[in-house]
Number of protein chains: 2
Amino acid sequence: MEKENELFGVKEIARRANVSTATVDRVLHNRTGVSEKTKARINAIIKEMDYQPNILASRLASRKIINLAALLPDVSEETDFWSAPLNGIRRAESEMKQYGVQVQVFLFDLNDKDSFATQIGHVLEGGFHGILVSPSFIEETRKFAAECSRRKIPYVFIDSDIPGLHSLSYIGPHLRKSGYVGAKLLTYRLEPEKKVLIINISKEIDNFNYLEIEDGFRAYFNDNNQPNEIVRIDIRETDYQSVARHLTYVFHLNKDIGAAFVTNSRVHTVASFLKNSHRTHVSLIGYDFVKENVDYLEDNVIDFLICHRPDDQGYRGMMALYQTLVVNAPVTKQNYMPIDIVTKENYEFYQN
Amino acid sequence: MEKENELFGVKEIARRANVSTATVDRVLHNRTGVSEKTKARINAIIKEMDYQPNILASRLASRKIINLAALLPDVSEETDFWSAPLNGIRRAESEMKQYGVQVQVFLFDLNDKDSFATQIGHVLEGGFHGILVSPSFIEETRKFAAECSRRKIPYVFIDSDIPGLHSLSYIGPHLRKSGYVGAKLLTYRLEPEKKVLIINISKEIDNFNYLEIEDGFRAYFNDNNQPNEIVRIDIRETDYQSVARHLTYVFHLNKDIGAAFVTNSRVHTVASFLKNSHRTHVSLIGYDFVKENVDYLEDNVIDFLICHRPDDQGYRGMMALYQTLVVNAPVTKQNYMPIDIVTKENYEFYQN
DNA sequence: TGGAATTACGGGCACGTGCCCGTAAAGGTA
DNA sequence: TACCTTTACGGGCACGTGCCCGTAATTCCA
């Protein structure tokens, strides 16, 4: 029931090396003031003992607070999707608080590129030790990444990735595969002569997420020789009236649409349209476990939702920073989330 | 960057109450040796300050080791399903080690009730502070639970529940709903005149999991007025030859079976039979993300696998014990896992 | 009223690490 | 040689809590 009595840690290293614990400490944190000779000797002993510092004692003794920042889209009246990652971040925060880690959240408007740039400025001025970002705007994110690299601040991306940057980790979906899964579900019982409609509703044009998803979606049709014709539409306004207008037109031009695939969480707007226009025979698939979508799932208007555990993304993103800054443990650079399939029958147990 | 300078914790309480930290400590751990008067005074201050003990310091100062036990089925040649919960348990262990928590794993043979009883004996003799159990055998588990209650040892169940016992927590699937989801997927593109076959392959008869799952499966058919006839078969031998023999007979009797549902992870045996007898047009659904099953998923013989995150079950089960014994935080009694749907297209990102 | 038993409480070390401060030794300069 | 700077290292307190041990204060009993 009692711990073994071996001498542990720094003290034991000091004893074996015939130095004081202070000297060992200097070596461990590679500070100056140790001759090369003793340094080598101590390092050898550390290696031999496979010394693992006691994080409890370390964090207790250290009076430094580690400050982390998170930069996310604000919850808007259009979607509360981003409340899920925020929850995960808060969950991580409450676990890390014990270890003297503090988290500050910065929010920006997804429909306003400037607010993103402004907040990035605030984050960079804050002197944080690590940063989590949802990189919604590519160019601004590039600048941000460059600045972080210069200052040697680790940063992680969640939800969507911008390849070619030196983020500590990416935590989010494999978008292409996600679209691929969507196509599989959509065609699973689709009649061959029916058309398929891809719908992209978004104000921002330069978001390449949609392109990746659509690419994966089409790849499934190719790989499996699906005979169905694919129609696509971009809608640049997100309000119901605009969406309904565009959809009315598309459905007028294409009488035999059997299924629709929405590339983001605005699928509930399409569901609303289908229900109002009595077209519920059309299979409908879209993204994200948000309330409006779940309501239409319950109502049999949406067939499947695809989700990528946004809550977990926030949690893991913060934990990746924690692993690096506190535990000093390695972190996997690519962290693809599961592509979850949510239906009317299993949604009540889904954990965002 | 530095922590605030307020006086924290026990010291501050002691200062306010005009006593020593030792006395505060006695109150906090409700030990004897404090007069009712000062006890009340100190408790009032604790409440007023909303005092949260520093777990780092607490675990560091305490020389007690907390011992946890886990009792699981062994990985057999029939299935490596139980390696997943074991992984989760190991993951939890490595996190808790920092806090002076040790984990010991006990394994039993799923086909041998006696081995379960024997191991339960060992676990109870071990003097553990908390126990995680996969309650595969009902009667033995009841006795075990009674003994734990007597000794005031908290225990959690994973993977399947035995209602009416006072487990600290149940972490696993809602089996009935899980069968319900299976039915939905199976019928999603099933032609109305086809029959549906339920297959239960298991040596143990008194496992009520299968009953729950089948019940949920049939409930879906009722709720949705599915016209399909349901055929069922119990197979008490688990080797391929026996299963093939039984299935040959059933398929001989019922020429128009369009879909099959296997109530556990042995779906790969059925897949093997279907492939060998050139019946791959039959839709097939079963349970669990084990290698053999994934191979047949890849091969288009199995359409969907249903999974309940066994890895996470192990992790969360251990964490529930940790929360109770170390952090002294409350734990939710019912912890239903998501009912995950795994397909050929998304399995590569599935996290067990 | 005296002594023993019991109760109520304080002092202080320990856990393993971080880090400030002091100082002996080594090296440098005139 | 005398004095100053730099280097290399040790002593020791602190972090917040657990808990042993000692002792003053109180109660008990004859």
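These numbers come from a predicted model, not from an experiment. In what follows, chains carry the letters A, B, and so on, assigned in the order in which the sequence lines appear, proteins first and then strands, with residues in each chain numbered from 1.
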Short side-chain N/O contact to [N] OP1/OP2 from [X], under 4.0 Å:
| X | N | value |
| --- | --- | --- |
| K64(A) | dC19(C) | yes |
| K39(B) | dA8(C) | no |
| Y51(B) | dT17(D) | yes |
| K37(B) | dA8(C) | no |
| S35(A) | dC9(D) | yes |
| S62(B) | dT17(D) | no |

A57(B), nearest nucleotide to its side chain (from dG16(D), dA8(D), dC15(C)):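 Out of dG16(D), dA8(D), dC15(C), the nucleotide with an atom closest to A57(B)'s side chain is dG16(D).
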Members of residues 18-33 of chain B that approach DNA chain C, where some heavy atom sits under 4.0 Å away: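 Contacts with DNA chain C under 4.0 Å: N18(B), V19(B), S20(B), T21(B), A22(B), T23(B), R26(B), G33(B).
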Between atom [atom1] in [X] and atom [atom2] in [N], what is the gap in whole Å?
| X | N | atom1 | atom2 | result |
| --- | --- | --- | --- | --- |
| K11(A) | dG11(D) | NZ | P | 13 Å |
| N54(A) | dG16(D) | CG | P | 16 Å |
| I65(B) | dG18(D) | CD1 | C1' | 16 Å |
| L60(B) | dC13(C) | CG | P | 17 Å |
| Q52(B) | dG16(D) | CD | P | 15 Å |
| E36(A) | dT7(D) | CD | P | 13 Å |
| M49(B) | dT17(D) | CE | C1' | 14 Å |
| L56(B) | dG18(D) | CG | C1' | 15 Å |

Side chain to side chain donor-acceptor pair (under 3.5 Å) between Y315(B) and E95(B), worked out: CA-CA 10 Å; Y315(B) 178 81; E95(B) 281 184 28; 3.0 Å; yes
Geometric class of the Y155(B)/F144(B) ring pair [parallel <30°, tilted 30-60°, perpendicular >60°]: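 F144(B) vs Y155(B) ring planes: perpendicular.
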Mutual orientation of the aromatic rings belonging to Y170(B) and Y336(B) [parallel < 30°, tilted 30-60°, perpendicular > 60°]: perpendicular
NZ/K143(A): more than 12 non-hydrogen atoms of other groups inside 6.0 Å: no
Given DNA chain C, 5'-ward residue of the pair A61(A) and V34(B), judged by closest heavy atom: V34(B)
Note: K333(A)-D161(A) ion pair, threshold 4.0 Å (strictly below):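 No, this pair does not count.
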E93(B) and K97(B) ion-paired at < 4.0 Å: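 Between K97(B) and E93(B) there is no salt bridge, as every charged N stays at least 4.0 Å from the carboxylate O atoms.
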Steps toward side chain to side chain donor-acceptor pair (under 3.5 Å) verdict (H122(A), Q119(A)): CA-CA 5 Å; H122(A) 290 153; Q119(A) 290 295 51; 2.8 Å; yes
